[in-house]
Trainee: 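Please read through the structure below; I'll follow up with questions.
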Amino acid sequence: MTNPTDRALSRAERQAMPVALDVAVEIAKHNGVCIRPVILRRLDTHTGTTEDVNVPCGTTMEAKCPPCAKRNRYLRMAQCREGWHLDAEPSITPDEPTEEQRWLVEFRADMQAQRDAAEQAGDDTTDLDAVLVGLDEEINAAGMRGNLLGRTTVKRNRSTRRRQDAPDLPKRVRQNTTLGRTFTGSDGATYRPSLFVTLTLPSYGRVRAGQGVPVDPDAYDYTRAARDALHFSKLVDRFVQNLRRVAGYDVQYFSSVEPQKRLAPHLHMAVRGTMPRAEIKAIAAATYHQVWWPSVDEVRFEGEHLPVWTERPERAEPYPDGQDGDYLDPATGELLPTWHEALNQLDTDEDAEPLHVVRFGPQVDVQGVLAGTPDADQCIRYLSKYLTKSLGDTLDADNPAQRQHAARMTEALRYEPCSPACPNWLRYGVQPKNAKAGMAPGRCRGKAHKPEHLGYAGRRVLVSRKWSNKTLSEHKRDRRTWVMEALGLVDEAPDPHRYVWKPVPAGDGDVPSLALRLLRMVAERQRWRATLLALQEQASGQPTQDLSAMREAA
């Protein structure tokens with residue numbers, strides 16, 4: 001065996017040897033162990049002992065941690081399968097409030113009365129305001145949803161009149177149900193079909209078949225492609241709203257956003273219930289989203305000529321917009337309009353036009369799917385095909401034309417505002433929302449501007465609230481419970497108040513190296529697997545696919 005410390009070996013020979021840590025990482029991947037575990041210190045309140053625990057990172061991106069991404073993908077597949085063809089309404093009855101929750105709300109009511117009385121008397125309410133903020137945090141921590149104060153900011157109202165170039169949609173009477181229609185076949189059996197819908201964005205120029213790269217890059221509309229990608233999530237929200245209006249029932253969906261070869265995001269959506277295909281296509285054609293933002297037609301500041309930050313004078317009351325400074329024109333010293341001032345100017349301009357209008361393209365694919373059929377399983381696999389990859393990961397590394405296409409798309413996104421707080425607004429003479437010192441156009445750290453996201457910074461999986469009526473954590477517990485019951489083991493729920501978890505400080509000398517932690521986790525996983533295989537041999541009548549599911553869940 002060659003010893004890497006042998007002085008007789010050349011540097012090239014030593015460099016050719018595999019790195020021990022890399023080998024440990026590959027073994028961890030092979031055994032389904034997280035390669036980026038997070039160290040947490042666990043205090044047992046019953047015994048008073050502490051223990052360092054390796055917690056999986058839980059990432060959904062395969063490039064960062066393939067084992068965790070694979071587990072999350074299987075979890076999403078289970079979530080999609082469980083909620084797609086429900087035949088009974090999901091139960092969503094809130095729990096009764098506990099005595100602690102009732103006491104907190106009553107105590108907050110007393111403190112609110114004291115604060116209101118102090119304000120009427122002209123007294124200082126700073127201390128009482130701080131108490132109310134703390135109580136609101138305790139109310140949420142006690143397991144209650146919502147905010148007792150309601151909306152604290154004024155909502156901007158715009159005309160809801162539809163655009164003249166958008167067709168009108170029918171509107172059915174709303175029924176209080178999430179289930180679709182059923183049909184009785186000639187054999188007397190009852191069928192409850194559902195839909196699998198694919199929506200794409202419009203064309204920005206001719207592309208080469210099978211490659212997705214523009215035939216003429218100079219004629220390709222990268223600006224429109226960038227803006228459509230930035231606001232694609234809002235367009236999906238509008239489509240769901242229109243779908244529910246036309247369907248006449250509370251449509252539930254499970255959808256995933258995936259990249260096309262031309263790098264534009266498109267949507268695959270599993271819809272519970274069925275509608276005529278012509279109606280789905282009409283809804284897609286009539287759906288649009290208007291972006292009412294300040295104009296970006298004129299570039300006012302670029303290069304070395306950029307706005308200058310200046311601190312605001314101190315005062316007792318905070319400024320309404322919350323900023324502690326402003327950006328001003330370096331040549332004239334004029335303050336740039338804040339984000340709220342720019343929107344106010346837009347609201348008062350009767351001739352104003354939206355910055356951008358995003359629509360779906362004409363290609364709409366609608367398929368009917370029945371529960372338990374091979375088509376349903378294939379659609380579920382298709383929905384989760386790219387969930388573990390970012391949009392940029394689908395690029396063909398051996399295709400220079402596609403890499404150049406992605407580079408042009410990234411450059412088109414560089415100065416496009418991705419949100420109200422984007423520093424790129426300074427380029428067009430508007431202060432970003434909640435502006436702060438150090439902002440500069442072209443240096444936004446938002447996900448949308450990164451090459452791996454290609455303009456789409458939203459969630460890759462979009463699930464309606466009443467799809468399966470369960471969170472991902474609850475689906476994970478269900479899978480674990482199913483495995484334990486199938487193997488005849490007792491799955492006892494741990495006491496949530498027994499342990500106190502704290503992060504381990506960086507540089508803690510008691511933390512072993514990553515390689516050593518991976519080796520320990522691999523050994524533990526192998527012991528679990530050996531036990532699972534032994535129990536599987538004892539289990540009788542378990543189909544092969546069930547045993548595979550056990551291994552994945554474990």
Side-chain angles (χ1 to χ4, degrees), residues 1-6 8-40 51-78 258-259 381 384-399 403 450-453 460 472 476 479-480 483 503-504 506-536 544-545 547-554:
M1 181 178 295
T2 304
N3 186 354
T5 61
D6 190 351
L9 295 177
S10 66
R11 181 172 182 176
E13 290 175 325
R14 291 195 299 270
Q15 292 293 331
M17 296 179 179
V19 180
L21 177 59
D22 294 342
V23 176
V25 170
E26 289 301 320
I27 293 175
K29 290 180 183 179
H30 179 72
N31 285 272
V33 171
C34 173
I35 63 174
R36 301 171 62 198
V38 180
I39 286 285
L40 293 179
E51 180 185 9
D52 289 347
V53 180
N54 289 299
V55 180
C57 64
T59 182
T60 59
M61 290 292 104
E62 187 177 21
K64 297 180 179 179
C65 183
C68 286
K70 183 178 180 181
R71 281 194 294 271
N72 276 287
R73 178 172 175 265
Y74 277 107
L75 196 60
R76 287 294 190 182
M77 292 174 67
E258 299 177 354
R381 289 193 297 269
S384 59
K385 182 178 179 181
Y386 291 109
L387 289 186
T388 61
K389 298 180 182 296
S390 62
L391 271 66
D393 288 342
T394 59
L395 292 175
D396 185 0
D398 298 329
N399 189 341
R403 293 200 305 271
K450 296 181 179 180
E452 60 266 28
H453 292 282
R460 296 293 300 278
L472 277 182
K476 189 174 183 179
R479 287 167 61 83
R480 174 183 171 85
V483 171
V504 177
D508 192 315
D510 295 333
V511 176
S513 65
L514 175 61
L516 183 58
R517 286 188 285 144
L518 291 179
L519 294 179
R520 289 174 177 172
M521 293 171 67
V522 167
E524 184 178 21
R525 177 57 61 91
Q526 289 177 343
R527 287 196 299 270
W528 291 353
R529 187 163 296 168
T531 303
L532 182 63
L533 291 175
L535 291 172
Q536 285 177 2
T544 304
Q545 58 269 26
L547 298 180
S548 300
M550 290 180 188
R551 286 191 290 269
E552 292 296 341

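Residue numbers run from 1 in the order of the sequence given.
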Trainee: Are C57 and K64 packed together at the side-chain level, in the sense that at least one heavy-atom pair is separated by less than 4.5 angstrom?
Mentor: no

Trainee: Between T388 and P66, is there a side-chain heavy-atom distance shorter than 4.5 Å?
Mentor: no

Trainee: Looking at V511, V55, V53, which one forms a side chain to side chain contact (heavy atoms under 4.5 Å, CB included) with I39?
Mentor: V511

Trainee: Should the pair E524-R527 be classified as a salt bridge under the 4.0 Å nitrogen-to-oxygen rule?
Mentor: no

Trainee: Are K29 and E26 side-chain neighbours, meaning at least one heavy-atom pair lies under 4.5 Å?
Mentor: yes

Trainee: Starting at CG of D52, measure out to CZ of R517 and round the result to the nearest 0.5 Å.
Mentor: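 Atom-to-atom, D52:CG and R517:CZ are 9.5 Å apart.
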
Trainee: Of R525, R520, Q526, which meets side chain to side chain contact (heavy atoms under 4.5 Å, CB included) against V522?
Mentor: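 Only one option passes, and that is Q526.
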
Trainee: State the NZ-CE distance between K385 and M77, to the nearest 0.5 angstrom.
Mentor: 13.0 Å

Trainee: Give the minimum heavy-atom separation between E258 and Y386, together with the two atoms involved.
Mentor: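 Answer, listing the atom of E258 first, then Y386: OE1-CD1, 3.5 Å.
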
Trainee: Just by modelled atom types, is the L387 backbone N or O under 3.5 Å from a matching donor or acceptor in the S384 side chain?
Mentor: no

Trainee: Should C68 and R36 count as side-chain neighbours, where that means a heavy-atom distance under 4.5 Å?
Mentor: no

Trainee: Of all the heavy-atom pairs spanning L514 and P37, show the shortest one and how long it is.
Mentor: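 For L514 and P37, the tightest heavy-atom pair comes out as CD1-CD, 3.9 Å.
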
Trainee: Could you tell me whether the side chain of R71 reaches within less than 4.5 Å of the side chain of P56, counting heavy atoms only?
Mentor: yes

